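What follows is a single structure, written as structure tokens, with notes after it.
All values reported here derive from a predicted model rather than from experimental measurement.
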Amino acid sequence: MDPMEDSDFQIYLYLEMELKRLRTFLKCTVGWSEYLVLKKSEEDDDDTDEVILSLGSLLCKIKDALDILIRDSGSVSQLENISFLPVDTGLCCWVLFEAVMEIFSRLRPKNWQDSSIIYNMLSRFNENKQVLGQEINRAYVTFSDCLSKLTSPMRDVNELMELIHTVLEILTGILTCCDGNVHVRFAMEPFHVRLQNLKVELRSLRSFICFAKFGVVEHYQLQNLLIQAEIFTLKAAQCLHMFWDYVMHNIGYGDYEDVEIDILIKMDEMLQNIMFVDPFAPEIHIQALQALKASGSTHSLEMKNKEIARDFVHSLSDTLWILFANSSNTSFLVSVADQMQTLYDGLLFLRAILTNQQGTFDELREEMKDFVGDLVNKAGTVVCLLCVNGVKDGFAKETNDAVCDFLEKIKHIKAEIGNKYPLTSAPNFPKTNQLGFIDVLLENLKELTNCKLNSITLVQDQIQVFEKGLVFLRSFLHKFVDQHEELQSLRSRIMEVADKAEFVIDSLMVGNIECSSFLFETITEEIKHIKIEAMEIDESKKYNTAEVQKFTSILVPSQGSTSTMDEDVLKLDEETTAIIDRLTRGSMQLGVVTIVGMAGLGKTTLANIVYNDPSIMYHFHIRSWCCVSQLYSKKDLLLQILDCITGKHCNTNLKEMNEDDLDMKLYRHLKGNRYLIVLDDLWGTEAWNVLKNSFPEDTNASRVLVTSRLQDLASEIKSNCIPHTLRLLTNDESWELLKMKLFVPPAMHVLGKEIARNCKGLPLTIIIVAGILSTLEQDGWEEVSRSLSSEFVSRRDQCKYTLELSYKNLPDHLKSCLLYFGLFPEDELFFTQRLVWLWIAEGFVRKTELKALEEVAEDYMMGLISRSLVMVEKRRSIGGVKFCKIHDVIHEFCVAKAREENFLELLRGGNELFTFHEAGKVRRLCIYSKGKDFDEAKIFCPRVRSLISFGLDYNPVVYPCSFLHVFRIFKLLRVLDMYQIDLGDVFPAEIELLILLRFLSLKVSLESIPLSIANLLYLETFLLSGFYGRLPDTIWNIKNLRHQRLDPYRGFILPWSHNLENSCGLCHLQTISTVKFFCWENLDRIMRLLPDIRKLKCRLSHSHSKNISAGKCDGNSGGKCDRIFALDSLARLESLCIFTSAVGVEFHIAFPMNLKKLTLSSLCWKWSEISIIRKLPNLEVLKLRYESFKGKVWDMEEGEFPKLKYLELDDLDIVKWTGDGDHFPCLEKLVLKKLCKLEEVLSCLSCSSTLEMIEVRRCAESIEDLVKDLGNEGIKILIRD
């Protein structure tokens, strides 16, 4: 590559790095040269003389190189007048070191008018650097060898700390330079993890020495540690010195022909072994810690020392994490997961205390501060013991004892803190959809029972006992615990056992038989004990349903009358008028009008405005308001209505009446009168069914006005009843409402408008924010504007109340689906299909006999939409929801509720990542961070089941190896979604470890996937953005695959081999996109392997074969083929998208008769060839895009497209669209895009009885006029740029 392609700043960084590593070498040499001179004065040694002469010669060469640099920078060099004698190496080092620092002071990008100066300096410096670099490397080797023979350290503690800091600077600089150059990124890949580990080790060493320094009484007690630390640092410096030559070689500066092979071998060896230079290094650490403990100095953690201790604990957690992540044992993480998790969490908790996160350290009693100091020492001992003894199937006894002692003391500190600052402790098990959780366990057990592996067969009897116990516990939960608050402790015990059972089942599924089977007995015993207690409760039948209903009916008091939050309300005239018209006009029959919308949108407010409107008061003889709410009794509802009619002062005897008498009394009051009854906050048809017989039908235009969050409620109450859906407020309306609730001084108008806009159109949010602002001085408004969030608002009682009620009213399976929205960023636009696939992978969707899982999941989605918890953002062409979203208020509620119920954990940004210390309780983890933060945070959650990561980088440079810990530690993952983090051109082979995955989504840029992808036997959804090559043959072995979506444009190739002749294929695959076909001789065979395909997107290309053009070949045709793309065998295919990159090649397609949606592009067919499409009996959506058809005239015939509802014509060269007779008998929407030549439109469209909308986008004005001429009262014309 050409080095001049680099930016000016990048070249500056390269030169700066050269100077930094030279400075590091000189710093190492200062102490070494002084030692050599001292040694020569004490003993006359020829070897020492030789080393001194060699070092002096090297320093002279460095002087010459620096002299050139100074001259090239335009400065006057003083080095040429300085000469060094060999014995003056110490002085020489200092002079040269100062020269380097002088160049540093001059070398700043802003000081250079011509960037070529920097480039010339770098080029000149590199001309003779190869020889210089080799001599420096030999000097490092000499330093390290001699130092290992010493009995006392060469440097004092401060000098060593400074040296470590300098080496860290080089390492950080190397990583920064490499991140900025894509050519180096590939070369860096093999070393990136080891360099990151080296960085952690250097930091750990520095923090350890720092921690030990302030407590050790006698300096000699640190000697062994300091010697080993200096050797380690020198080797690290040498390693980085060599590595920089490798980097510069790949960038293109200099010619290092022998560097490539040599550096690869040496770097790999050095980086693998550099973690602990000496096998006794951990023991040396332990000795230092013991000396520290004996000195008692850890019992005086002052502020400065507390920070040192914090850094030390941080380094311990990093070291522990590396030990786990880099373990060669593939199963130990599962076998000791609980111990490791608890230990790691304990370290993070200790770090949090020292960081003062808990707000407690400075307020702890003095003896507890001493206790914390002692605990820091114990933490160091534990980690060192792990390094010495290792971790295999468990901890060694010495290690285990130390771990247990450490964890007991952590509990003691937590108890102490809990006395002053109560700590919330969420359970490990999920509290949401617990029956569904056990259902998933039972399904996994069935998979284990059907497994034919010998290892599983050995524990089949235990599995069956396990299964029977879980079946009983599930039935008990379903029968009793949902109804009895007093049995919650038993419910918790059941779920704790289920959580343990899940861990054992998953461990078995990943093949960890030895370390999981012994847990069977313990858990089975726990199940037996719970079963005995549950059976006693079942037999006693302590409670009955009537008592429960009586008990729960008083939990939520009735709101009674017509009151709203405030008398000042924003009147939306068009909304009010629409409701008044529906109440006062129309049929004389008793009518029902419904106002629907999400919580906090103002349904009750609007109903109250209407209720008190003068025209309503005049029109109706009797008006009454009833707040239904979630929990109600018929008597209470009747009393509310009668109170409004008769007045509360007249109802003295009403409460003494029974329901039947009240029912009759109300009926008599209403009989013969035109009445309006408002049923506010209706949660279902049950309340309506209870009251409807009390409302007489006198054909006098009486009305019932209902407010609800349920979209479907209107039609359930009365057929053909269309709900009135309340909209969000505009920015101007939001501002007006805020001013109604709060006096806003003129000087605060700009800020006030911003606050109102941030409320995003939800009236309830605006009202609550106004209440907050009313308690603040005006200078506090800016803080509110900055920090305004739905979480802040949701703390207000009324907002929380409405959302809590909505949540409690949800079925369990919908609760999980709703909370899942909390995993994603605020204001996220959800692709419904993708969300549905995630729900299925999570196990939220239950199987039914009549519907596919995807259909059931879509029903779940519609259930949330109908309750106004989810908003439809965009619909599909013929119904259904394509994109959806939730309001910020609901999003914050989902996040808070999900955390409360141990459903998920959300970590936003580096700060939350680095301070998170409860990983052991997390089941689903969502991370919003930069890739670098994610890598360095060392999140350790071996029991997490779902990981979703959102990258905050702009075009981030991410090394796949940075995320290898995800695959090595998170081995029980079922969902891995990293589609926003670009992993580049390497597909991590370690992904084969995640064999429990159901959902995998990655972003890459590559054309090959390893064969080991077949290890993911349970994978259901595979999304791989940026893949454009040939899938491995092993893809056919993933029998559970349901949805596969890869690069949407370039396409991928499905493999074929004769080994697949007898294969049943991917019999569950429903979605595949975008597959590229060019070897059509195997098309029929491939299609046979996809019997259940329902949605297909494909790209047609030229055949690579010279003898076979495409399609079905006649063996006697001499290689000539009909280009027929035969899809008619795909009987279940409903959606098909076809485009081609084969210019000038004609394709003929045999379509399946079941096709409902068809999108074509680039086929260049003649309009006469549309005959193969027009007779498709089930086609409802047709999108004809760029050059799908060519020709000026489309002359239609009568009777075409019998069921077509949606037609889109996009970027075609059509001029006339004509036809006689009736066409498109079912067409509802017509979309015209970029039709610049169109002059005539099908005239019969103006007479269509079904056409509802014509949408015109980016067309000429003449076309817009043509369309407008077609319009009538029943057709909406929408014209967009």
* To do: Apply side chain to side chain contact (heavy atoms under 4.5 Å, CB included) to T584 and S615, showing your working.
  => CA-CA 9 Å; T584 58; S615 63; 5.5 Å; no
* To do: Test side-chain hydrogen bond (donor to acceptor under 3.5 Å, both in side chains) on E716 and T685 and set out the steps.
  => CA-CA 7 Å; E716 292 175 3; T685 57; 4.6 Å; no
* Which heavy atom in N673 sits nearest to a heavy atom in S702, and how many Å separate them? -> O-OG, 3.4 Å
* Could you walk me through whether F821 and L864 pass side chain to side chain contact (heavy atoms under 4.5 Å, CB included), step by step? => CA-CA 11 Å; F821 282 93; L864 293 174; 4.0 Å; yes
* Heavy-atom check, side chain of R875 versus side chain of V881, under 4.5 Å -> yes
* Asked: Should C644 and R623 count as side-chain neighbours, where that means a heavy-atom distance under 4.5 Å?
  -> no
* For C627, does its backbone N or O pair with a side-chain atom of Q640 as donor and acceptor, under 3.5 Å? -> yes
* Taking all atoms of both residues into account, what is the closest heavy-atom pair of V596 and Q711, and its distance? -> CG2-OE1, 3.5 Å
* If you round to the nearest 0.5 Å, how far is CG of L601 from CG of L606? -> 9.5 Å
* Under 3.5 Å, side chain of R674 to main-chain N/O of A701, donor-acceptor pair present? -> no
* Would you sort out whether F883 and F831 count as a ring-ring contact (aromatic ring centres under 6.0 Å, His included), showing the intermediate values? => CA-CA 5 Å; F883 291 100; F831 182 40; 5.6 Å; yes
* Check ring-ring contact (aromatic ring centres under 6.0 Å, His included) between F620 and all other residues, then give those that pass, not counting sequence neighbours. => none
* What's the shortest heavy-atom distance between Y611 and W625, and which atoms? -> OH-N, 3.6 Å
* From L738 atom CG to L729 atom CG, the distance as rounded to the nearest 0.5 Å -> 11.5 Å
* Asked: Hey, what do you get for CZ (R924) to CG (L823), rounding to the nearest 0.5 Å?
  -> 7.5 Å
* Asked: Any donor-acceptor pair under 3.5 Å linking the side chain of T707 with the backbone of I595?
  -> no
* Who passes ring-ring contact (aromatic ring centres under 6.0 Å, His included) against H749, sequence neighbours left out? -> W735
* Asked: Do the non-hydrogen side-chain atoms of I645 and L670 ever get within less than 4.5 Å of each other?
  -> yes
* To do: Please round to the nearest 0.5 Å and tell me the distance separating atom CG of L682 and atom NZ of K603.
  => 12.0 Å
* Quick one: are F830 and V870 in side-chain contact, heavy atoms under 4.5 Å? -> no
* To do: Output yes when E1252 and K1276 qualify as a salt bridge under the 4.0 Å nitrogen-oxygen rule, no when they do not.
  => no
* Structure fact -> Taking every heavy atom of N612 against every heavy atom of M617, the minimum-distance pair comes out as O-SD, 3.5 Å
* Asked: Do any N or O atoms from the side chain of S715 and from the backbone of D712 form a donor-acceptor pair under 3.5 angstrom?
  -> yes
* Asked: Is there a donor-acceptor pair under 3.5 Å between the side chain of T832 and the backbone N or O of K882?
  -> yes
* **More than 12 heavy atoms of other groups within 6.0 Å of R876 CZ** => yes
* Is there side-chain contact between F824 and C926, with heavy atoms separated by less than 4.5 Å? -> no
* Hey, could you give me each pair passing salt bridge (Lys or Arg N to Asp or Glu O under 4.0 Å) that has a residue in residues 723-732? Not counting sequence neighbours. => E574-R727, E575-R727, R727-E733
* From the options V628, V704, L705, select the one residue that forms a side-chain contact (heavy atoms from CB on, under 4.5 Å) with V678. => L705
* **Residue pair V1231, E1255: steps toward the side chain to side chain contact (heavy atoms under 4.5 Å, CB included) verdict** => CA-CA 5 Å; V1231 179; E1255 182 177 335; 4.2 Å; yes
* Asked: With a 4.5 Å heavy-atom cut-off, do W688 and V592 have their side chains touching?
  -> yes
* Closest non-hydrogen atom pair, S708 against L710 -> OG-N, 3.0 Å
* How far apart are the C-alpha atoms of Y860 and F844, what are their side-chain angles, what is the distance that settles it, and do they pass the ring-ring contact (aromatic ring centres under 6.0 Å, His included) test? -> CA-CA 10 Å; Y860 290 3; F844 300 158; 9.0 Å; no
* To do: Say whether, by atom type as modelled, one donor and one acceptor occur between the side chain of K718 and the main chain of L590 under 3.5 angstrom.
  => yes
* With a 4.5 Å heavy-atom cut-off, do R709 and W683 have their side chains touching? -> yes
* Could you walk me through whether E873 and C884 pass the side chain to side chain contact (heavy atoms under 4.5 Å, CB included) test, one step at a time? => CA-CA 5 Å; E873 188 69 15; C884 64; 5.5 Å; no
* How many angstroms lie between atom CD of E736 and atom NZ of K753, to the nearest 0.5 angstrom? -> 9.0 Å
* Asked: Distance from I755 atom CD1 to S734 atom OG, nearest 0.5 Å?
  -> 12.5 Å
* Can you tell if the side chain of Y820 reaches within under 4.5 Å of the side chain of T432, non-hydrogen atoms only? -> no
* **Atom of L907, atom of L925 and distance for their closest heavy-atom approach** => CD1-CD1, 3.8 Å
* Asked: Is the backbone of L906 close enough, under 3.5 Å, to the side chain of R899 for a donor and an acceptor to pair up by distance?
  -> yes
